[in-house]
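One-based numbering, in listed order, for ligands and for the atoms of each. All values derive from a computational prediction rather than experimental measurement.
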Amino acid sequence: MSNFSIYDIELFNKQVQKYSKYFDVDSPKQFTLAQWYEVISRFSLDIHYGKSSVQGREKRHVNYLSMEFLIGRLTGNNLMNLGCYEQIATYLKKYDVELVDVLEQERDPALGNGGLGRLAACYLDSMASIAQNATGYGLHYQYGLFKQYFEKGEQKEKADTWNRDHYPWHTFNSSKTQEVFFGGKIKLVADDKYEWAPDLVIEGYAFDLPIVGYKNDIVQPLRLWEANSEQSFNLEKFNNGDFLNADEVIINAKSLTQVLYPNDNHPNGQKLRLMQQYFHCACSVADILSRHLAQGHTLSEFGQYQVIQLNDTHPTLAIPELMRMLLDQYDMTWTQAWKICNETFAYTNHTLLPEALEQWDLALFKTLLPRHYQIVKKIDRTFKEKVVEKFGDDEQVWEKVAILNNDKIRMANLCVVTCFAVNGVAQIHSDLIVTDLFPEYYQLFPNKFCNVTNGITPRRWIRQANPQLSNLLDRSIEGDWTKDLNLLKGIEKFSHDSGFKEEYYRIKQNNKAVLADEIKKTLGLSVNQEAIFDVQIKRFHEYKRQHLNLLNIIATYQSLKDNPNQDFTPRLFVFAGKAAPGYYLAKNIIHAINNVAEIINHDPMMKGKLQVAFLPDYRVSLAEKIIPAADVSEQISMAGKEASGTGNMKLALNGALTLGTLDGANVEIAEMVGKEHIFLFGHTVDSIRKLLAEGYHPRNYYDENEVLKNAIDFLATGKASNGDKTTFNLMLDNLLNHDPFLVFADFESYVDTQKYIGEAYLNKDKWVHSAILNTARLGMFSSDRSIRDYQQRIWLKK
Ligand SMILES: *Cc1c(COP(=O)(O)O)cnc(C)c1O
């Protein structure tokens, strides 16, 4: 590794001594871990911004707009990227302090729900690390995603106070404050010239977090906006347009950025959410405009110097907002302003689930954003001419591609019509966008559509999460694989080397021991470390099919009870993940898993054979503990439903073998590692089409498959709920009568594949060989590669 470091350990030492006075102790020996955490973080923050000058770099600045950034703990990551982790760790040893213990003091800033927010965080890391000029724009939520805990097996939520106001890694940037308008009236002041007299003005305060490039002297901001105002507003009155006579449900305007909406892959229809979205966009667009002009560029050059990447449709309002600014503040014509928007915006689609596509109620939209309503209407009208030109006056086509439809405004449509690029997040997903979701748009704009397969940052997901494996890779590979993940190919030649394999295996076992400790600590459960660690860690959603996993666990339990002497490879099933608080079916699945776990873990016959550990409060720092210890990675979504997934990449990179459907990035993982080193099962997108066309009847599977019937009946007869037969009705009725995600159709194939995995694990030599090849062949899933794809396919193209 290079000696790169912009840290001066002597300066750090002085700081430590100074803090002794500040903390009023005789010696740093008396610092608490929390105080060490504060000293280290604050000192590291003194690195300077602005080193990331444009010189020698692409001139186009990427503005990454996302409502979520799931950044995880920053201190350890920043020390590593600054190249001073080892120095600090060594320094602390003088005081008998372990750096890892200090780092445990940080609460994850949980400013995101799941994959989408984590992707944004990985992309910021990669842009800083490969020297792509970029600013991340998000919201400074006071409460991040709720904390999850279990009570009698059920999920409970409590507020996540991440101590925003004392967080050491951000700074209030008072020169960047913006004003945001809401409601009110539009006045026509001259020909085609409008003025907005708002009802409510909220200030946006900028809080900057440093995104530190990996050992390259680059620091770029993640700018998070926080609402501030002395005014109050009435949420109810927005709907009926009676905004000024507010008297009930008064909300302090400051609370606009209080909470992150806890839904994943599901829109939040609330007014407050629309206000959050606009607040985010208005602050960000104004900031981008003023940075652009301050750099001495003209407005007509905007698209040459700026790209605005929309992370899903959540920041779509940036489009009409930029239009409004150019038209009303900078006196541009419609044609000029529209051209700039076409050159500037690019949209990343994250889902095909129809229920997850955002639509806003027009009446609400009009009251809240009257000027934007006019602008969107004009975009819609102008677009219609283009559609008629191409398809004639075909009502059916217009019905599908219109932006305004049935008193709704469809955000994805606004994005596709405006943006110069639209990308999906894995090849299969990008193909389905073109064939299933937007076929008419594809005919209109074939050149807009492209694929950029998601990626993960190797800095956090190996170097930080798996130090032992990193050490082995450092010793076995020439060059820094952290910067060029394709260098991992270099360990392929050791996949038959018994010494290397032994070491690789020992590291996995060490990581399993660490996770076993964590499980013991949180759940009081002692697990068998020789068992297969089979993990499913992700948000709870029907399409991700945690209930398919559960049904196999029940079936396995029943089989072991009936036939205790059968050959069986011990299993530990690990779960982690949250359900949205209002998603009762997903919470019902969590409840069932916990109750089944309780029974299995307390059955003396199962001891060391079959165990289930559901770790509460899934978050980035917990993921970092589970992933290095996994043997099997459950990626079992219904084919066609998981846009990409990134958990699948993190796990495979750390040597877990994937048990998955041909969905999302699993398809590309299978191509990269080879079919022999991954366990595929279940229906494909094509076979599902056929099945559904013939008519799908889940009850037939239940009637005809005894193993499935027994597993379902275990829950239906109250065996996991103290005899109460209704506890899991929500889930059971859904499965038996609808099963929209084809759990029953894939059950048999899943159970068979799980059996096969049990046998495969017995051949340690072959298993470790496959695991090594997974690590070796996962280089393309570095988010550095994703960012280079964005550069080549989108940002540098126009
Ligand atoms: C990677 C990650 C996710 C995404 O997981 P998927 O399996 O791709 O859904 C969600 N949450 C956290 C904390 C993560 O680190």
Side-chain angles (χ1 to χ4, degrees), residues 66 68-74 77 107-125 144-148 160 162 260 262-266 311-312 350-351 353 356 425-426 428-429 453-462 464-466 534-546 548-549 574-580 586 615-628 630 632-638 641-654 656 658-661 663-669 778 781-783 786:
S66 178
E68 305 185 15
F69 287 93
L70 195 50
I71 52 178
R73 291 172 174 161
L74 280 188
N77 193 255
R107 278 286 292 275
D108 297 36
L111 310 184
N113 274 286
L116 174 140
R118 183 55 232 175
L119 184 77
C122 283
Y123 282 177
L124 292 185
D125 178 275
L145 185 60
F146 65 87
K147 271 180 81 81
Q148 176 198 54
D160 167 58
W162 60 289
L260 163 73
N263 286 327
D264 190 59
N265 258 303
H266 191 80
N311 196 24
D312 212 331
H350 281 272
T351 184
L353 298 175
V425 289
I428 186 176
H429 168 63
T453 300
N454 282 170
I456 55 171
T457 168
R459 272 72 68 183
R460 185 172 294 264
W461 295 112
I462 322 192
Q464 180 172 312
N466 200 340
D534 176 309
V535 317
Q536 189 169 19
I537 49 173
K538 48 182 77 250
R539 284 297 289 246
F540 271 74
H541 202 295
E542 289 165 85
Y543 84 79
K544 292 179 183 276
R545 301 200 295 189
Q546 280 93 350
L548 176 56
N549 189 345
V574 177
F575 288 92
K578 297 173 184 176
L615 291 164
D617 204 35
Y618 187 51
R619 59 199 184 283
V620 173
S621 59
L622 184 57
E624 289 172 34
K625 293 189 177 107
I626 297 173
I627 288 167
V632 172
S633 160
E634 299 260 3
Q635 307 300 338
I636 61 177
S637 53
M638 172 180 159
K641 298 296 177 186
E642 185 75 272
S644 163
T646 48
N648 46 5
M649 301 167 187
K650 300 167 197 166
L651 283 153
L653 187 56
N654 282 276
T658 304
L659 164 54
T661 47
D663 198 16
N666 298 353
V667 178
E668 287 153 87
I669 292 174
L778 237 75
F781 298 100
S782 166
S783 44
S786 307

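Look at D160 and K147 and you find no salt bridge, because none of the NZ, NE, NH1 or NH2 atoms lies under 4.0 Å from a carboxylate O. The pair R460-D125 does not meet the salt-bridge criterion, since no charged nitrogen lies less than 4.0 angstrom from a carboxylate oxygen.
Each of the atoms 1 (C), 4 (C), 8 (O) of ligand 1 lies under 4.0 Å from some heavy atom of T646. In the vicinity of W461, heavy-atom distances shorter than 4.0 Å reach the ligand 1 atoms 15 (O). Ligand 1 places these atoms under 4.0 Å from at least one heavy atom of K544: 9 (O). Taking every non-hydrogen atom of V620 and a distance limit under 4.0 Å, the qualifying atoms of ligand 1 come out as 13 (C). Under a 4.0 Å criterion applied to the non-hydrogen atoms of G114, ligand 1 contributes the atoms 10 (C), 11 (N). Atoms of ligand 1 found under 4.0 Å from any heavy atom of G645 (numbered from 1 in listed order, with element): 8 (O).
The protein heavy atom nearest to atom 2 (C) of ligand 1 is K650 NZ, 2.5 Å. The shortest contact between atom 4 (C) of ligand 1 and any protein heavy atom is with G115 CA, 3.5 Å. Scanning all protein heavy atoms for the shortest distance to atom 7 (O) of ligand 1 gives K538 NZ, 2.7 Å. Residue, atom and distance of the protein heavy atom nearest to atom 5 (O) of ligand 1 are G647 N, 3.8 Å. Of the protein's non-hydrogen atoms, the one nearest atom 11 (N) of ligand 1 is Y618 CE2, 3.5 Å.
Among the candidates N311, N454, D312, the single residue satisfying the side-chain hydrogen bond (donor to acceptor under 3.5 Å, both in side chains) test with H350 is N311. Just one of I636, L548, L659 meets the side chain to side chain contact (heavy atoms under 4.5 Å, CB included) condition when paired with Q536; it is I636.
Between G144 and W162, the shortest heavy-atom contact is N-CD1, 3.9 Å. Scanning all heavy atoms of the two residues, the minimum distance from T457 to R118 falls at CG2-NH2, 3.8 Å. Minimum heavy-atom separation, L353 to T351: N-OG1, 3.1 Å.
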Assess the residue pair S644 and M649 against the criterion (side chain to side chain contact (heavy atoms under 4.5 Å, CB included)); give the C-alpha distance rounded to whole Å, side-chain angles, the decisive distance to 0.1 Å, and a yes or no. CA-CA 10 Å; S644 163; M649 301 167 187; 3.7 Å; yes

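With a heavy-atom cut-off of 4.0 Å, R619 touches ligand 1 through its backbone alone.
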